[in-house]
Amino acid sequence: MNIAIVGSGYVGLVTGVCLSHIGHHVICVDNNPDKIKSLRKGEIPIYEPGLEELMHACMKKKRLTFTTSIKDACQKSLVIFLALPTPPRANGDADLTYIENVSREIALHMDSYKLIVEKSTVPAQTGKKIIRTIQLNLPKKFKKGNKILLDFDVASNPEFLKEGSAVSDFMNPDRVVFGVESKKAEKILREIYQPLKAKILVTNTASSEMIKHASNSFLATKISFINAVAQMCDMVGADVLKVAEGMGLDKRIGRQFLDAGIGYGGSCFPKDVDSFIRLSEKSGYDFSLLKEVRRINEKQLDSFLHLVEEKLWNLKDKTIGVWGLAFKPNTDDMRNAASLEIIAKLKADGAKVKAYDPKSMANAASMLKGVTLCDDPYSAAEDTDALLIVTEWPEFKDVNFIQVRDSMRQAVIFDGRNMLDADQLKKLGFDYFGIGRGRL
Ligand code: UGA
């Protein structure tokens, strides 16, 4: 199948590479000429395990190309996936300007049947707006009065991949959802995904759009729920790790997404929860549960910072080490990462900050000013009054904590992700503070 992917960000690039890997001819489009130039040279602008190798293999087989021209991609493809940014507006609405502009451009260059597929997370009813935009902008030869003479479909096929495990999530999905309004669109999508042998759910476009928003909002709710439980654990002397384990053993609940910490971040959950709240408001339903989910998430970070302040007394002129800058492990992505807010607050309170992340140092150099960026975890801990674990990179478990302890001014660890062995660290003489571990 000849497929175009418009938007070569995380979702677009992973989708393009993986669809090419399973046998399709894919053209990835982006309006950033520098990005396309690098991609053509086989250089990948993000860190995502396994993606680069797969991309090189697909390029070698001549099944993956890159262009800045929507016209070119549109004319060579039967199916066009939209993997465009939908950033939040100040009021929480998803900004769909990119989707509208690209839909208009596709319409201008359509010369035969096309299936246009939404991959980005968009509010329900966006599919209808894309159809309208395409109808309005089709060349005159395809319109006769109110009649549209060119057949096309718009479908929704939301992406559920997680950064850090995106390639394997794509290849082994729990489900693939098709939101379609015609048998033809369903048939084409089934053919595209046939090699994955995945569980497929077919529904209409609006339900498919809702599935994506509701899934992300539900996962965010799970995280805020366990974070609220963690606050209670601190008050009653319980350990949230055991509580999550005990809850998770119930198959109806499940253990995943019950890791208490400093809250969810990244480019998806905060934006999608906001956008779902806005959609509910506009539809006339007050989804107050989600507003509370968001409030708990914000409070979680505040209470972590409050704890640091309380234990260190004054932050002014103290030096704090930060381990982990990415919004989660196995990615270099720092968008909406907890580290940004934490570091800004520490600096505002007069602390000096030293930081290390295994993959995000290039992003950190452009996003963080006035922070000492270190080459390894040891130098980020040296001469500090406390160490903050902000991202749970597995390699932090293997650090020699005796060396860390001896190099710090005060051996104090605030583990924002509950990733380290509290008992072992306490034995080594650290003051260890986790999240919801029973601080009475
Ligand atoms: C999320 C969803 O998990 C994907 O299914 C979805 O496709 C994607 O958004 C998207 O909409 O594009 P992602 O943002 O890459 O994926 O990362 P997650 O692994 O879901 O983590 C999100 C945030 O929640 C991170 O800040 C993570 O640290 C936090 N988290 C996650 C917790 O605090 N506790 C947990 O138990 C799990």
Side-chain angles (χ1 to χ4, degrees), residues 3-7 9 11-12 15 29-31 70-71 73-74 77-110 113-140 142-143 145-159 177-182 184-186 188-189 202-217 267-268 271-285 287:
I3 297 173
I5 315 275
V6 187
V11 170
T15 307
V29 189
D30 204 282
N31 62 0
I70 290 185
K71 179 181 176 194
C74 181
S77 309
L78 173 70
V79 186
I80 304 159
F81 282 89
L82 306 181
L84 294 155
T86 53
R89 289 210 167 107
N91 65 2
D93 272 343
D95 181 349
L96 302 176
T97 316
Y98 294 104
I99 304 256
E100 182 178 2
N101 291 346
V102 168
S103 305
R104 191 180 303 128
E105 210 176 329
I106 290 172
L108 294 175
H109 301 299
M110 267 168 55
Y113 173 86
K114 304 285 171 197
L115 169 61
I116 294 110
V117 188
E118 306 165 349
K119 227 3 168 175
S120 329
T121 308
V122 290
Q125 300 295 329
T126 303
K128 282 198 172 147
K129 291 180 181 147
I130 297 176
I131 293 178
R132 181 89 191 109
T133 306
I134 293 178
Q135 287 175 338
L136 281 172
N137 292 284
L138 277 173
K140 275 203 180 109
F142 296 125
K143 292 189 210 174
N146 279 343
K147 267 193 152 179
I148 300 294
L149 306 175
L150 184 67
D151 186 22
F152 72 93
D153 277 303
V154 172
S156 154
N157 168 225
E159 189 45 72
V177 177
F178 301 155
V180 289
E181 305 294 333
S182 81
K184 187 171 181 176
E186 178 185 339
I188 295 173
L189 285 169
V202 183
T203 174
N204 63 16
T205 316
S207 303
S208 170
E209 292 164 335
M210 278 294 278
I211 287 169
K212 171 66 192 198
H213 252 152
S215 299
N216 272 7
S217 298
S267 62
C268 303
K271 167 176 77 78
D272 290 354
V273 168
D274 280 358
S275 157
F276 208 36
I277 290 171
R278 282 290 295 156
L279 180 67
S280 73
E281 279 170 358
K282 284 200 249 176
S283 318
Y285 176 70
F287 208 149

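Because the structure is a prediction, the values reported are computed rather than measured.
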Quick one: [atom1] on [X] to [atom2] on [Y], what's the gap to the nearest 0.5 Å?
X: L279; Y: D272; atom1: CG; atom2: CG; value: 11.5 Å
X: L96; Y: N101; atom1: CG; atom2: CG; value: 11.0 Å
X: K143; Y: L149; atom1: NZ; atom2: CG; value: 10.5 Å
X: S182; Y: L115; atom1: OG; atom2: CG; value: 7.5 Å
X: I5; Y: F81; atom1: CD1; atom2: CZ; value: 5.5 Å

Backbone of [Y] reached by a side-chain donor or acceptor of [X] within 3.5 Å:
X: S120; Y: L82; result: yes
X: T205; Y: S156; result: no
X: E181; Y: V154; result: no
X: D153; Y: I116; result: no

Closest approach of [X] to [Y] (non-hydrogen atoms, all atoms of both residues):
X: S217; Y: F276; answer: OG-CD2, 3.2 Å
X: A155; Y: L189; answer: CB-CD1, 4.0 Å
X: A107; Y: P139; answer: O-CD, 3.3 Å
X: R89; Y: D95; answer: NH2-OD1, 3.4 Å
X: V11; Y: A83; answer: CG1-CB, 4.2 Å
X: T203; Y: S208; answer: CG2-N, 3.8 Å

>> What verdict does the side-chain contact (heavy atoms from CB on, under 4.5 Å) test give for T86 and K271, after you've listed the backbone C-alpha separation in whole Å, the side-chain angles of each residue and the deciding distance to 0.1 Å?
In response: CA-CA 9 Å; T86 53; K271 167 176 77 78; 3.1 Å; yes
>> Holding to salt bridge (Lys or Arg N to Asp or Glu O under 4.0 Å), I want the full list of residues that pass it with K119, two or more places apart in sequence or in another chain.
In response: E159
>> More than 12 heavy atoms of other residues, nucleotides or ligands under 6.0 Å from CE of M110: yes or no?
In response: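 Buried by this count: over 12 neighbours within 6.0 Å.
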>> Within a 6.0 Å radius of atom OH on Y98, are there more than 12 heavy atoms belonging to other residues, nucleotides or ligands?
In response: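 It does not: Y98 OH has 12 such atoms or fewer within range.
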>> Could you walk me through whether K114 and V79 satisfy the side-chain contact (heavy atoms from CB on, under 4.5 Å) test, starting with their C-alpha distance in whole Å, then the side-chain angles of each, then the deciding distance to 0.1 Å, before giving a yes or no?
In response: CA-CA 6 Å; K114 304 285 171 197; V79 186; over 6 Å; no
Find out whether [X] and [Y] are in side-chain contact, i.e. whether some heavy atom of one side chain is under 4.5 Å from a heavy atom of the other.
X: K184; Y: D151; value: yes
X: D93; Y: P123; value: no
X: N157; Y: E118; value: no

Quiz: residues 127-137 side-chain donor-acceptor pairs under 3.5 angstrom, not counting sequence neighbours:
{"unit_1": "T133", "atom_1": "OG1", "unit_2": "K129", "atom_2": "O", "d": "2.8"}
{"unit_1": "N137", "atom_1": "ND2", "unit_2": "T133", "atom_2": "O", "d": "2.7"}

> Quick one: side chain to side chain donor-acceptor pair (under 3.5 Å) partners of T126, sequence neighbours excluded?
Replying inline: none
> After noting the C-alpha distance and the side-chain angles of L78 and Y113, does the key distance pass the side-chain contact (heavy atoms from CB on, under 4.5 Å) rule?
Replying inline: CA-CA 7 Å; L78 173 70; Y113 173 86; 3.8 Å; yes
> side-chain contact (heavy atoms from CB on, under 4.5 Å) between E281 and R278: does it pass, once the steps are laid out?
Replying inline: CA-CA 5 Å; E281 279 170 358; R278 282 290 295 156; 3.2 Å; yes
